[in-house]
Structure formats: C-alpha cells, structure tokens
Amino acid sequence: MSTARKCRLVVLISGRGSNLQAILDQAARGELPVDVAAVISNQPGVYGLERARQAGVPALELDHKNFSSRPEFEATLIELIDRQQPDLVILAGFMRVLTAGFTEHYRGRLLNIHPSLLPEFRGLHTHERAIAAGETEHGATIHFVTAELDGGPVIVQARVPVLPDDDPDRLAARVLEQEHRLYPQAIGWFAEGRLRLEGEQVWFDGKPLMKPLRLEDCASLS
Ligand code: GAR
C-alpha cells in the first residue's frame, strides 16, 4: 500500500453502524489507506455514533426532523461534510432519500451499500422480498450514488445463497457478513485511485467496467 496521503472519508449513517465498524477496524489495522474524518448521523443517539467516538472519530448528529424541507436539511449536511474536505463520502446504512442537488454535488465521490443484488430489490425490506420471490441467490452491492434511488452505476457485488429454511433475519446476517468485506474492498480501490466514475460509466484499473465486479473474484484483482 502506498505511503501517499490517505483518502479522507466522511461516513453517513442512520443506525447501528456495523459497516462503519468494519471500515474503522481495517483502517486501524493499516489495511485500508483512509482517515475517517467524521461520522454524521441523521438519527440522534444511534449506536454507530458511539462506535465513532470509541475510535476517536468526531461523531456528529444532524436530525433531519429539525428541518422543514429536504433541501434545507441537505444544505446543512453539505456544509458539515465539506468542512471536513473529504475525498470520498460513503453512505453506510444512511436511510434518507437524497435529492439530485446533493448527489450531483458529490458525483463520483459518493458511494452507497445496498443489501441486494441491484438492480434487483431497490428500496426497503430486501431480504424479505428476496425470500418471497423465491430467489436462490441474494447479496449486497456497492454503487456510485446518482439521483436515481439505488440506481447509480454498480461497482462490485457479494453473493450469498438463499437457503430453504431462511427467514429475513438469517438471510440478513449472511449478507451483512459479506457487506463487511465488500465495503472496505471498494473503498480501498477508490483510495488507491483504481476506481472512478465518468458520466454513467465506472472505470476500474483504467478500463470501463462492463459488468459488476464479484467479491469472490477479488483476490485475483489485488
Ligand atoms: C446494511 O445492511 C446496509 O446495506 C443497509 O442498511 C444496513 C446498515 O447496517 N443499507 C440500506 O438498506 C440502504 N438502502 P449497519 O448500520 O450495521 O452498517
């Protein structure tokens, strides 16, 4: 890993922050060349904020309920984020819909993790819906964020089997374990300058990515 300046990261959360923890842990072990500059939650008092504090990272609350409109909330959020001068902003269980004003401001430097194999199952309750649809495979996706909800260009996916006796919680736990490997992988690529967005096209290692990368193939890419 290069000794160049680390990638400055701001992480947006709304809840328990287990993906945040995976990133903090890898960064602390020197396996991910990032500095987590701040963690911001739109939900006050969530456990993810405590995880940030324990790691010595500024933990900020910005309760969207204190704003009368989405653009007003986002204007303040942008101010808070930009004060940190991040190279990359990541959504890690951030459960607010974002307007085009916000997503365009961070175009090409805003990532999201979504618990399904996009474009399947955008939106909420993905595990329940995958089981109800009789899927035999499910997973998680990292994508660049654009104005279309869960619709931005896909970078990499992790797959898990759906087992015959699965309930949404068991399936969610299996997916989450992969999420904790998936997000650091994608962030690492971005930090190393291997990943970028041009228009709607993801570029990886200097070539346009024609289909999503698969986490299970990633050992051969590093
Ligand atoms: C994760 O499963 C993430 O994929 C999902 O929220 C969970 C957050 O968990 N994100 C979304 O559903 C976004 N649409 P965490 O707070 O423990 O990281």
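Side-chain atoms are counted along with the backbone in the values below, which use heavy atoms only and exclude waters and symmetry mates.
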Set out, in order, the CA-CA distance, both residues' side-chain angles and the distance that settles salt bridge (charged side-chain N to carboxylate O under 4.0 Å, His left out) for E200 and R107, then state yes or no. CA-CA 10 Å; E200 293 293 314; R107 195 178 177 86; 2.9 Å; yes

In V89, I40, V10, the residue satisfying side chain to side chain contact (heavy atoms under 4.5 Å, CB included) with Q84 is V10

So how far is it from D167 CG to I131 CD1, rounded to the nearest 0.5 Å? 6.5 Å

Do side-chain atoms of D35 reach the backbone of R8 as a donor and acceptor pair under 3.5 angstrom? no

Okay, side chain of R174, backbone of P161: is any donor-acceptor separation there less than 3.5 Å? yes

Side-chain donor/acceptor of D166 to backbone N/O of L163, under 3.5 Å: yes

Taking R70 for its side chain and V97 for its backbone only, find out whether a donor-acceptor pair lies under 3.5 Å. yes

Got a second to check how far L195's CG is from L111's CG, nearest 0.5 Å? 7.0 Å

State whether the side chain of R181 and the backbone N or O of A22 hold a donor-acceptor pair below 3.5 Å, judged by distance alone. no

For S116, is there any backbone N or O sitting under 3.5 Å from a side-chain donor or acceptor partner on T126? no

Just how far is it from atom NE2 of H114 to atom CG of L149, taken to the nearest 0.5 Å? 8.0 Å

Check the angle between the aromatic planes of F73 and F94 and answer parallel, tilted or perpendicular using the 30° and 60° thresholds. parallel

CG of D82 to NE2 of H105, rounded to nearest 0.5 Å, is 3.5 Å

Between Q178 (side chain only) and R159 (backbone N and O only), is there a donor and an acceptor less than 3.5 Å apart? no

Could you tell me whether H127 and H138 have their ring centroids closer than 6.0 angstrom? yes

Start with the C-alpha distance between R96 and E74, add both sets of side-chain angles, then the distance that settles salt bridge (charged side-chain N to carboxylate O under 4.0 Å, His left out), and finish with yes or no. CA-CA 10 Å; R96 290 297 290 169; E74 289 180 358; over 6 Å; no

Between the side chains of Q26 and R29, is a donor N or O closer than 3.5 angstrom to an acceptor N or O? no

Counting only heavy atoms from other residues, nucleotides and ligands, does the tally under 6.0 Å from CD of E120 exceed 12? yes

Output for pair (I113 CD1, N19 CG), nearest 0.5 Å, gives 4.5 Å

Could you check whether T141 and Q157, counting side-chain N and O atoms only, form a donor-acceptor pair closer than 3.5 Å? yes

Can you measure from CD1 (I90) to CD1 (I23) and round to the nearest 0.5 angstrom? 3.5 Å

Do R129 side-chain atoms and R122 backbone N/O form a donor-acceptor pair below 3.5 Å? yes

